[in-house]
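All values below come from the heavy atoms of this structure, side chains included, with hydrogens, waters and symmetry mates left out. The shown structure was predicted, so the numbers you read here are calculated from the model rather than taken from an experiment.
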Amino acid sequence: MSAPTPAEPQGKLEKGVRGFELDAHVTFSGPHTAEEVTRLLRGFGARVEAYGTQDVRVARVTGQVDTQLAREQLRALLESGAASRVEVGLHGFMRSSTGQTDWVPWRRNVVLGRSDWEQIKFEEGLRYVIE
């Protein structure tokens with residue numbers, strides 16, 4: 001089985017595990033449809049959850065991703081002006097054998113300016129807020 005490509009988000013969640021995975025909340029500069037949001041965020045190669053179907057202004061991306069790929073997607077979102085604010089990091093989780101996910105609190109928050117996105121190191125438990 002090959003790793004997912006940017007156009008193929010991961011589907012099934014592993015049950016009975018714990019670890020860290022990408023957790024990103026993206027606030028868009030303007031409203032989009034759910035389909036547009038999926039297209040904008042599919043490059044992460046992870047699950048995309050648009051909050052709404054029409055006039056979507058916020059979405060969440062979660063899953064196991066290549067951090068270099070995630071960094072490039074962040075750059076594209078910020079430099080294009082599509083995103084006005086992003087909260088991103090490797091979030092700790094515990095997933096039960098029934099598939100329920102419990103998120104571990106973030107260890108620390110780091111606030112960065114939009115032009116400082118290159119400082120993101122994707123350290124476990126660290127959330128970066130880019131404004």
Residues 105-131 vs ring pair (Phe, Tyr, Trp, His ring centres under 6.0 Å), sequence neighbours excluded, gives His91-Trp106

Sort and list the pairs that fulfil ring pair (Phe, Tyr, Trp, His ring centres under 6.0 Å) and have at least one residue in residues 57-78, not counting sequence neighbours.
-> none

Start with the C-alpha gap between Gln73 and Leu41, add the side-chain angles, then the distance that decides, and say whether side chain to side chain contact (heavy atoms under 4.5 Å, CB included) holds.
-> CA-CA 8 Å; Gln73 292 303 303; Leu41 301 177; over 6 Å; no

Hits for ring pair (Phe, Tyr, Trp, His ring centres under 6.0 Å) against Phe93, two or more places apart or cross-chain, chain-then-number order -> none

Qualifying residues under ring pair (Phe, Tyr, Trp, His ring centres under 6.0 Å), relative to His25, sequence neighbours excluded | none

Please report the closest heavy-atom contact between [X] and [Y], naming both atoms and the distance.
X: Ala50; Y: Ala59; result: CA-CB, 4.0 Å
X: Val56; Y: Phe28; result: O-CD1, 4.4 Å
X: Leu22; Y: Leu90; result: N-CD2, 3.8 Å
X: Val65; Y: Ala46; result: CG1-CB, 3.6 Å

Please report, to 0.1 Å, the donor-acceptor pairs under 3.5 Å made by any side chain of residues 80-89, with sequence neighbours excluded.
from  : atom 1 : to     : atom 2 : distance (Å)
Ser80 : OG     : Ala76  : O      : 2.9
Ser80 : OG     : Leu77  : O      : 3.2
Ser80 : OG     : Ala82  : N      : 3.2
Ser84 : OG     : Thr27  : O      : 3.3
Arg85 : NE     : Glu131 : OE2    : 3.0
Arg85 : NH1    : Glu87  : OE2    : 2.4
Arg85 : NH2    : Glu131 : OE2    : 3.3
Glu87 : OE1    : Arg127 : NH1    : 3.3

Please identify each residue that fulfils side chain to side chain contact (heavy atoms under 4.5 Å, CB included) with Arg39, with sequence neighbours left out.
-> Glu36, Arg42

Applying side chain to side chain contact (heavy atoms under 4.5 Å, CB included), name anything that partners Thr98, two or more places apart in sequence or on another chain.
-> Ser96, Gln100

Any side-chain heavy-atom pair of His32 and Leu40 under 4.5 Å = yes

With the side chain counted from C-beta on, respond yes when Ile130 and Ile120 share a heavy-atom pair under 4.5 Å apart, and no when they do not.
-> yes

Passes side chain to side chain contact (heavy atoms under 4.5 Å, CB included), Trp103 versus Glu21? Steps please.
-> CA-CA 10 Å; Trp103 295 98; Glu21 68 181 19; 3.3 Å; yes

How far does CZ of Arg47 sit from OG1 of Thr62, to the nearest 0.5 angstrom?
-> 4.0 Å

Can you tell me how far the CG atom of Leu126 sits from the CG atom of Asn109, to the nearest 0.5 Å?
-> 8.0 Å

Can you tell me which residue pairs pass the salt bridge (Lys or Arg N to Asp or Glu O under 4.0 Å) test with a partner in residues 59-76, sequence neighbours excluded?
-> Asp23-Arg60, Glu72-Arg75, Arg75-Glu79

In short, salt bridge (Lys or Arg N to Asp or Glu O under 4.0 Å) pairs touching residues 105-117 with sequence neighbours left out are none

